Amino acid sequence: MKINFQNMCSLRKISCGLIFSMAISLVACGSDNDEEGGGNGDDGLVEDTSILGNSIVTVKQNRNIILHNPLSGWVLYAGIGDGLSSTFWQDYDNFPSSEGTVKVSDYANTLYLRGAWADFNPEEGKYAWNSDCDTPSAKRLKMLIKGAKQRNMKLAFTFVVDSRDKHYNFTPNFVKEAGAKGYETQTGSVKVWSPYPDDPIFQKYYEKFIRALAKDFNDPDKVQFVSGSGFGKWGEYHSVWYYQVRELGKPELPTREAVFDWVTDLYSQVFDKVPVFVNYHRWIGTSKEWDGNNYDKDTERLIGKAVAKGYSLRHDAFGMKTYYSTWERNFIAKWKYLVPVVMEGGWVKNSHGNSIQGDGYANYAEVRQGEFDEAKTACVNMMDLRYNSDFRNGETYSWFNEAFQLVKQFCTEGSYRLFPDRISLPTTISNGKQIEIAHRWNNFGWGYCPTNIPQWKNKYKVAFALLDIKNDKPKYVFVDGEPEACDWVKGTAKSYTFTTRVEGVEAGKYMWAVGIVDTAKQNEIGIHLAVKNNVTSAGWLKLFEVTAR
């Protein structure tokens with residue numbers, strides 16, 4: 001599936017009539033307190049003199065409410081290898097912070113499972129998520145998936161194939177035994193084996209695994225995102241070794257590009273409902289460890305090819321000034337509001353010790369601030385809470401004890417925070433007659449709502465509902481197909497008019513409501529608004545009563 005870069009996010013400007021003409025260039029900023037305004041009954045309503053029979057309701061955002069929306073918020077890390085705590089959920093449900101015990105899932109809405117391909121696929125045709133697999137890793141995976149579901153968290157995945165720096169083989173042994181070409185390296189006293197990603201036997205088994213995974217996890221109700229490569233050191237697609245290059249002495253670029261095309265084709269084809277991500281850094285897919293401030297001239301072109309297939313972007317060294325600097329900042333600035341960005345911090349408290357001083361940090365509170373500042377500049381949608389078996393010396397503990405204010409700040413300022421500040425609706429509707437609705441939308445988060453990615457095409461739409469007065473359930477829903485939430489960025493309000501015909505509505509009184517629905521789920525609320533008062537349990541924002549004739 002291709003993305004037209006010129007039309008990835010519409011730049012249309014739709015007039016909503018005279019009612020908004022005086023304010024259309026302004027941002028409706030809401031009050032600085034915790035509460036938001038909004039209609040309830042006839043309170044605060046003003047007659048709309050430009051649309052006969054309509055009244056205007058104004059809404060203010062709630063600045064402190066924590067939203068758990070798709071591709072937004074904090075990501076809690078876990079794994080299924082032997083280093084995972086046997087009390088993982090108990091630990092994170094009773095987590096010590098600088099402000100007392102907290103439940104981490106109140107802040108994080110995604111559980112990120114990053115681990116070895118070998119742990120997820122221990123035997124050919126056997127997968128850790130299936131009931132017939134009962135290895136220790138499979139049992140941990142099932143425990144984590146069950147716990148995530150109980151906490152209304154979605155999953156995310158990265159599968160690492162490279163064993164360098166590991167203490168066991170991260171690619172299943174049956175791949176090596178089948179004749180895949182690879183190489184051995186030393187980790188401490190252990191020799192480990194890694195495959196060459198250009199080897200056809202490796203590719204055959206890897207593709208079989210990814211297709212099996214997609215069969216069960218290409219499901220946006222279960223999965224938030226998938227990292228679509230996993231090659232190279234730490235699965236970050238750098239320091240990649242190729243058979244054609246190392247063993248046969250051929251030029252690197254043709255092999256490198258062929259592998260990149262193959263793996264990005266694979267993920268983008270099988271994960272057509274779940275967002276997929278590729279790392280952005282200046283040496284994508286090359287064999288280089290690093291080379292100062294130099295960069296590979298083909299990297300930007302290759303990443304652009306992945307984005308054209310539907311990929312989004314991530315980086316795993318935020319806050320590391322050597323590895324995340326001018327090139328990365330300039331690169332991601334070109335993609336601002338065109339694709340969502342996911343971040344991972346680079347410094348690991350348990351293993352990097354005092355080396356942070358080389359980056360100018362005095363302590364890990366400053367590291368967290370450095371990661372946060374870079375994330376804000378990159379307009380990321382998601383930030384990381386990494387796991388470490390050394391509980392009190394890990395990144396999650398550091399965030400909640402050395403920088404808890406930043407955890408909360410990202411919850412209330414980062415990602416996307418959408419709401420309509422001004423809506424004009426009819427007070428009476430009649431069957432067989434047209435109605436006109438004018439509405440204006442804002443985003444007070446620094447990220448954006450990526451309705452332009454192909455996995456979300458026509459998925460999330462603005463809708464107006466007639467709610468049953470007695471139980472707040474929607475009886476009739478009118479979907480406005482025109483607005484795109486990807487157009488709503490901080491600092492700009494977008495206005496629209498929506499004309500529709502009323503048909504088949506039973507006479508009586510209803511409550512007008514507005515929301516962003518998931519059209520793939522029978523117009524249930526799919527994205528929660530940054531408002532608190534007058535919101536139903538299902539997520540509809542109630543506006544005022546309307547009479548149907």
Side-chain angles (χ1 to χ4, degrees), residues 77-86 112-123 128 135-138 140-141 157-199 201-203 205-206 209 227 229-243 245-247 256 259 263 279 281 283-291 316-317 320 322-323 344-356 358 384 386-391 393-395:
Y77 282 41
I80 65 172
D82 289 340
L84 186 77
S85 166
S86 60
Y112 179 44
L113 299 167
R114 182 180 182 278
W117 174 18
D119 289 334
F120 286 90
N121 185 189
E123 299 176 29
T135 64
S137 293
R140 281 188 283 270
L141 176 63
F157 295 101
T158 287
F159 305 101
V160 182
V161 305
D162 198 306
S163 307
R164 285 175 291 174
D165 295 344
K166 312 303 181 186
H167 289 87
Y168 62 97
N169 290 342
F170 266 43
T171 290
N173 287 330
F174 67 80
V175 177
K176 180 182 179 182
E177 292 166 359
K181 296 180 176 63
Y183 54 90
E184 286 188 337
T185 54
Q186 193 85 18
T187 304
S189 60
V190 181
K191 276 190 175 181
V192 291
W193 181 86
S194 300
Y196 288 117
D198 57 325
D199 179 79
I201 295 175
F202 160 80
Q203 291 187 2
Y205 286 107
Y206 185 79
F209 167 66
S227 291
S229 65
F231 298 162
K233 280 192 173 180
W234 312 302
E236 296 174 7
Y237 221 139
H238 63 75
S239 310
V240 184
W241 291 354
Y242 303 98
Y243 177 78
V245 180
R246 291 191 83 225
E247 305 289 346
R256 168 188 166 208
V259 170
V263 74
N279 290 79
H281 55 73
W283 299 105
I284 196 76
T286 70
S287 58
K288 281 187 178 290
E289 292 283 339
W290 208 253
D291 188 11
D316 293 0
M320 300 185 89
T322 299
Y323 304 106
E344 179 180 296
W347 290 109
V348 181
K349 194 172 183 180
N350 190 42
S351 60
H352 289 147
N354 293 325
S355 56
I356 59 171
D384 71 310
R386 276 166 290 161
Y387 174 79
N388 196 301
S389 57
D390 183 354
F391 187 71
N393 204 27
E395 271 48 61

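The first residue of the sequence shown is numbered 1, and numbering continues consecutively from there. Treat the numbers as computed from the prediction; the structure is a model and nothing was measured.
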Test item: Ser239 side-chain N/O and Ser287 main-chain N/O as donor-acceptor pair under 3.5 Å:
no
Side-chain heavy-atom pair Glu289, Lys233 within 4.5 angstrom cut-off
yes
Glu395 side chain vs Asn388 backbone, donor-acceptor pair below 3.5 Å
no
Residues in salt bridge (Lys or Arg N to Asp or Glu O under 4.0 Å) contact with Arg114, at least two apart in sequence or another chain:
none
Residues forming a ring pair (Phe, Tyr, Trp, His ring centres under 6.0 Å) with Tyr196, sequence neighbours excluded:
Tyr183, Tyr243
My understanding is that only residues two or more places apart in sequence, or in another chain, count here; which of them pass ring pair (Phe, Tyr, Trp, His ring centres under 6.0 Å) with Tyr323?
Trp290
Please list, chain by chain and in numerical order, all residues satisfying ring pair (Phe, Tyr, Trp, His ring centres under 6.0 Å) with Tyr112, sequence neighbours excluded.
Tyr77, Phe225
Asp384 side-chain N/O to Gly345 backbone N/O, donor-acceptor pair under 3.5 Å:
yes
Set of side-chain contact (heavy atoms from CB on, under 4.5 Å) partners for Thr187, sequence neighbours left out
His167, Val192
With sequence neighbours left out, what residues match Lys176 under salt bridge (Lys or Arg N to Asp or Glu O under 4.0 Å)?
none
Which atoms form the tightest heavy-atom contact between Ser229 and Gly235, and what is the distance?
OG-O, 4.2 Å
What residues form a side-chain contact (heavy atoms from CB on, under 4.5 Å) with Asp291, not counting sequence neighbours?
Trp283, Lys288, Asn294
How close do Ser163 and Ser194 get, counting heavy atoms only, and between which atoms?
N-OG, 2.7 Å
Here the gap from Thr158 atom OG1 to Leu113 atom CG, rounded to the nearest 0.5 Å, amounts to 9.5 Å
Pairing of Asp82 and Arg140 as salt bridge, 4.0 angstrom limit:
yes
Separation between OG1 of Thr135 and CD1 of Ile80, rounded to the nearest 0.5 Å
7.0 Å
Taking the side chain as C-beta and beyond, is there a heavy-atom pair between Val240 and Pro197 under 4.5 Å?
yes
Suppose we screen for salt bridge (Lys or Arg N to Asp or Glu O under 4.0 Å). Which residues come up paired with Asp165, at least two apart in sequence or across chains?
none
Quick one: list whatever passes salt bridge (Lys or Arg N to Asp or Glu O under 4.0 Å) with Glu184, sequence neighbours left out.
none
Qualifying residues under side-chain contact (heavy atoms from CB on, under 4.5 Å), relative to Ala180, sequence neighbours excluded:
Val175, Trp193, Asp199, Ile201, Phe202
Full working for side chain to side chain contact (heavy atoms under 4.5 Å, CB included) between Lys166 and Trp234:
CA-CA 9 Å; Lys166 312 303 181 186; Trp234 312 302; 3.6 Å; yes
Assign the ring pair Phe120 / Phe157 to parallel, tilted or perpendicular, where the plane angle (0 to 90°) is split at 30° and 60°.
perpendicular
So does Val161 get a backbone contact from the side chain of Thr171, meaning a donor-acceptor N/O pair under 3.5 Å?
yes
For Trp117, run the ring pair (Phe, Tyr, Trp, His ring centres under 6.0 Å) check against Tyr205, Tyr206, Phe231 and tell me which one passes.
Tyr206
Rounded to the nearest 0.5 Å, what separation is found between the NE2 atom of His238 and the CD1 atom of Ile284?
9.0 Å
Rounded to the nearest 0.5 Å, how far apart are OH of Tyr237 and CG of Asn279?
10.5 Å
Separation of Gln186 CD from Arg164 CZ (nearest 0.5 Å):
14.5 Å
For Ser389, side-chain hydrogen bond (donor to acceptor under 3.5 Å, both in side chains) partners two or more places apart:
none
So do His281 and Asp316 actually touch side chain to side chain, heavy atoms under 4.5 Å?
no
Hits for side-chain contact (heavy atoms from CB on, under 4.5 Å) against Tyr168, two or more places apart or cross-chain, chain-then-number order -> Ala116, Asp119, Phe170
Beyond-backbone contact of Arg386 with Glu344, side-chain heavy atoms, under 4.5 angstrom:
yes
